[in-house]
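What follows is one structure encoded as structure tokens, with my remarks underneath.
Residue numbers start at 1 and run along the sequence shown. Ligands are counted one by one from 1 in listed order, and the atoms in each one are counted from 1 as well.
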Amino acid sequence: MQSQESPSELLSSEPILRVEGVAKSFPKRQSGGKEEIIKVLEDVNFELKGGSFTSIIGPSGCGKTTLLRIVDGLLKPDAGRVIFNGEVVTTPPTRMGFVFQQFGLLPWRSVLKNVEFGLELRGTDPEERKEIAQKYIDIVGLRGYENNYVHEISAGMQQRVGLARALSIDPDVLLMDEPFASIDMQTREILQRQLLQIVKASVPKTTLFVTHNVDEAVYLSDEILLLGTHPAKVREVVKVELPPKRWTYDLRSQQEYTRLRQKIWKFLEKEIMERGGFGSFDPQEP
Ligand SMILES: Nc1ncnc2c1ncn2[C@@H]1O[C@H](COP(=O)(O)OP(=O)(O)O)[C@@H](O)[C@H]1O
Ligand SMILES: [Mg+2]
């Protein structure tokens with residue numbers, strides 16, 4: 001059964017994180033030893049409302065990972081700033097959790113020890129650490145695999161370990177960089193559903209999710225930031241006015257889902273065709 005609550009009613013109006021006028025350039029090596037400066041991000045602005053699920057979508061290579069690295073304080077912007085919980089981010093904040101595309105797990109550690117890792121770095125005592133790690137292993141559905149090594153479990157399970165590890169530090173914001181990009185399609189759909197159930201119900205979180213996958217963005221998000229390329233900038237914020245608790249029914253057959261999917265796909269296609277070096281190729285031509 002679908003809930004009657006509107007998704008926006010469930011969100012706090014106070015932004016928990018704000019990105020203001022962020023710019024970043026990188027040197028690109030030319031032949032003959034010359035360097036050209038490439039502007040990757042320019043005047044990027046957005047905010048995350050508490051409890052929201054926000055996706056950033058943009059073509060590959062447009063600067064999504066660069067933007068996330070700036071948000072989490074690992075990379076310094078050339079201009080602008082990130083404000084998190086009322087403070088300017090200069091180093092990685094302790095209350096941010098991160099899930100990577102390549103999982104970032106330690107192969108010589110068991111599932112349990114991987115989930116404990118972030119707590120270990122924070123100096124949590126061993127007993128408490130184990131208890132917290134077990135709680136999140138249960139939440140992501142990996143009970144029984146605590147003692148397995150990373151190579152003994154599937155890619156989908158490895159990413160659930162990555163999620164459990166990020167959640168175990170009880171972050172105020174969860175940053176996810178294309179976490180399901182290297183996972184097969186059937187598993188990915190299951191993981192998407194599970195992720196939504198976790199961050200919207202089991203352990204509510206504010207989530208910033210980077211993807212280049214349109215279906216994934218529409219299915220998961222309250223808001224989608226459309227990132228243009230060369231340089232990347234937020235061109236439009238798309239509000240996804242679909243009912244919450246989306247993991248409980250088939251959202252993909254809804255008309256609004258199809259409309260949003262087409263709208264975002266058109267945007268991406270235009271960005272890639274106009275700026276992605278495809279010349280005058282017309283996708284409409286036979
Ligand atoms: N440390 C770096 N030095 C030079 N160029 C970089 C560096 N990091 C990223 N870039 C360039 O910035 C652009 C955006 O990269 P990235 O943020 O990884 O894109 P996305 O995550 O959207 O695929 C790419 O052209 C990439 O080559
Ligand atoms: Mg990337």
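- Residue, atom and distance of the protein heavy atom nearest to atom 14 (C) of ligand 1 are G61 O, 3.3 Å.
- Compare T65, I57, L68, L75 by their heavy atoms: the one nearest to atom 21 (O) of ligand 1 is in T65.
- Looking only at protein N/O/S atoms, the ones less than 2.8 Å from the Mg ion (ligand 2) make 1 in total.
- Salt bridge present: R81 and E20 bring a charged side-chain N and a carboxylate O closer than 4.0 Å.
- Stacking of R69 on the aromatic ring of F98 is recorded, both the 6.0 Å distance cut-off and the 45° axial limit being met.
- Atom 3 (N) of ligand 1 has its closest protein heavy atom at F26 CD2, 3.5 Å.
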Review point. Given E223 and F46, is the side chain to side chain contact (heavy atoms under 4.5 Å, CB included) satisfied, shown in steps?
Key: CA-CA 11 Å; E223 276 188 357; F46 66 88; over 6 Å; no
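- Under 3.5 Å, the side chains of S52 and D222 contain no donor-acceptor pair of N or O atoms.
- Taking hydrophobic clusters as Ile, Leu, Val, Met, Phe, Trp and Tyr residues chained together by side-chain heavy-atom distances below 4.5 Å, V199 does not share a cluster with L17.
- L106 forms part of a hydrophobic cluster together with W108, F117, L121, judged by ILVMFWY side-chain heavy-atom separations under 4.5 Å.
- Residue, atom and distance of the protein heavy atom nearest to atom 17 (O) of ligand 1 are T66 OG1, 2.6 Å.
- Under the 4.0 angstrom criterion, atom 26 (C) of ligand 1 counts as lacking any protein heavy-atom contact.
- Under the 4.5 Å side-chain heavy-atom criterion for ILVMFWY residues, a single connected hydrophobic cluster contains both V234 and I16.
- Between S60 and ligand 1 there is a heavy-atom distance shorter than 4.0 Å.
- Protein heavy atom in closest approach to atom 19 (O) of ligand 1: G63 N, 3.2 Å.
- Protein heavy atom closest to atom 12 (O) of ligand 1, with residue, atom name and distance, is V40 CG2, 3.4 Å.
- Where the criterion is an N or O separation shorter than 3.5 Å, residue side chain and backbone included, C62 meets it with respect to ligand 1.
- No salt bridge links K130 with D125; every basic N to acidic carboxylate O contact stays at or beyond 4.0 Å.
- Between K266 and E269 there is no salt bridge, since no side-chain N of the basic residue sits under 4.0 Å from a carboxylate O of the acidic one.
- Between R95 and E87 no salt bridge is recorded (no basic side-chain N to carboxylate O distance below 4.0 Å).
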